Asker: 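The structure's right below; bear with me while I get my questions together.
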Amino acid sequence: MASATESDCIFCRIASGEMGTELIAESDQHVAFRDLSPQAPVHVLIVPRQHYASLRDVGPDDAGVLADALLLASRVAGEQGLYDGGYRVITNDGPDAGQTVHHLHFHVLGGKELRAGLG
Ligand code: DGP
């Protein structure tokens with residue numbers, strides 16, 4: 001479900017500035033901040049200001065939010081010096097994917113050779 005914010009959602013609270021988390025980049029629709037448990041030397045989360053539980057909740061009317069997310073992911077990757085070595089952008093949707101925070105987010109990973117493969 002899409003909604004403006006949810007008071008018990010940690011990423012809504014970070015996006016609103018309530019948690020004091022350092023933002024490393026912003027766009028109209030997203031904030032970017034470092035993952036608490038980094039899986040790579042650079043591990044940044046791209047998080048929409050609006051609450052969507054996961055990718056499946058973004059409908060055609062909101063497709064622009066996905067373009068904005070990927071554009072910010074690319075900008076952050078460049079600003080973090082990842083263009084030479086490359087980087088990965090992923091989102092986890094649902095339990096089999098290992099989603100733990102139920103607010104849509106994209107991981108930007110890089111700074112080392114990432115494991116090959118997708119599963
Ligand atoms: P996922 O498995 O795709 O739902 O990843 C959620 C990520 O969010 C996980 O890598 C850890 C990160 N995370 C969870 N809570 C916080 C937090 O309060 N602050 C930050 N910076 N990252 C968090």
Side-chain angles (χ1 to χ4, degrees):
M1 272 298 267
S3 60
T5 58
E6 296 205 345
S7 57
D8 60 348
C9 170
I10 185 67
F11 283 0
C12 283
R13 297 175 71 189
I14 290 174
S16 72
E18 186 186 331
M19 302 299 292
T21 302
E22 183 189 359
L23 303 182
I24 64 163
E26 293 184 68
S27 67
D28 284 351
Q29 297 183 79
H30 290 83
V31 296
F33 53 88
R34 295 191 191 283
D35 194 289
L36 200 58
S37 308
Q39 306 298 309
V42 176
H43 187 170
V44 174
L45 299 174
I46 307 294
V47 173
R49 299 179 191 276
Q50 176 160 339
H51 184 89
Y52 302 90
S54 61
L55 182 59
R56 72 186 73 181
D57 293 312
V58 182
D61 290 348
D62 288 342
V65 77
L66 301 177
D68 188 80
L70 293 179
L71 287 168
L72 185 59
S74 170
R75 173 155 70 85
V76 165
E79 289 171 358
Q80 295 294 311
L82 300 181
Y83 281 172
D84 283 349
Y87 61 99
R88 182 172 291 160
V89 180
I90 60 168
T91 189
N92 296 318
D93 183 332
D96 281 357
Q99 183 179 10
T100 58
V101 176
H102 298 282
H103 178 129
L104 175 66
H105 53 281
F106 293 85
H107 300 255
V108 179
L109 297 149
K112 70 172 186 180
E113 189 171 344
L114 300 166
R115 272 189 316 227
L118 296 172

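Atoms within each ligand, like the ligands themselves, are counted from 1 in listed order. Note that the structure is a prediction, hence the values are computed from the model and not measured.
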Asker: Between D35, L45, L36, V101, which one has a non-hydrogen atom sitting closest to atom 16 (C) of ligand 1?
Answerer: L36
Asker: Nearest heavy atom to atom 3 (O) of ligand 1 wins, so pick from Q99, E22, M19, H107.
Answerer: H107
Asker: Hey, is the main chain of G20 close enough, under 3.5 Å, to the side chain of E22 for a donor-acceptor pair?
Answerer: no
Asker: Show the atoms of ligand 1 that are less than 4.0 angstrom away from any heavy atom in N92.
Answerer: 1 (P), 2 (O), 3 (O)
Asker: Under 4.0 Å from ligand 1, counting heavy atoms only, is it the side chain of F106, its backbone, both or neither?
Answerer: neither
Asker: Where does the angle between the aromatic ring planes of H43 and H107 fall among parallel (under 30°), tilted (30 to 60°) and perpendicular (over 60°)?
Answerer: tilted
Asker: Please state which protein non-hydrogen atom is closest to atom 8 (O) of ligand 1 and give its distance, to 0.1 Å?
Answerer: F11 CZ, 3.5 Å
Asker: Between T91 and ligand 1, find which residue part has any heavy-atom pair under 4.0 Å and reply side chain, backbone, both or neither.
Answerer: neither
Asker: Less than 6.0 angstrom separating the ring centers of F11 and Y52, yes or no?
Answerer: no
Asker: Could you tell me whether a side-chain N or O of Y87 sits under 3.5 Å from a main-chain N or O of G78, the two making a donor and an acceptor?
Answerer: no
Asker: Are any of the N/O atoms in I10 less than 3.5 Å from those in ligand 1?
Answerer: no
Asker: By number and element, which atoms of ligand 1 are closer than 4.0 Å to a non-hydrogen atom of F33?
Answerer: 20 (C), 21 (N)
Asker: Quick check: R34 and ligand 1, any N/O pair under 3.5 Å apart?
Answerer: yes
Asker: Got a donor-acceptor contact below 3.5 angstrom from the R88 side chain to the V108 backbone?
Answerer: no
Asker: Can you tell me if R49 uses its side chain to pair, donor with acceptor, with the backbone of S27 under 3.5 Å?
Answerer: yes
Asker: Ignoring angles and geometry beyond distance, decide whether H105 reaches within less than 3.5 Å of ligand 1 through its nitrogen or oxygen atoms.
Answerer: yes
Asker: In the protein, which heavy atom is nearest to atom 19 (N) of ligand 1, and how far is it?
Answerer: I14 CD1, 3.7 Å
Asker: Is the backbone of R13 close enough, under 3.5 Å, to the side chain of S16 for a donor and an acceptor to pair up by distance?
Answerer: yes
Asker: Taking E79 for the side chain and G81 for the main chain, is one N or O donor matched with an acceptor at less than 3.5 Å?
Answerer: no
Asker: Do any nitrogen or oxygen atoms of T100 lie less than 3.5 angstrom from nitrogen or oxygen atoms of ligand 1?
Answerer: yes
Asker: Any side-chain donor paired with an acceptor under 3.5 Å for R75 and Q80?
Answerer: no
Asker: What residue and atom, counting heavy atoms only, is the protein's closest point to atom 2 (O) of ligand 1, and at what distance?
Answerer: G98 O, 2.9 Å
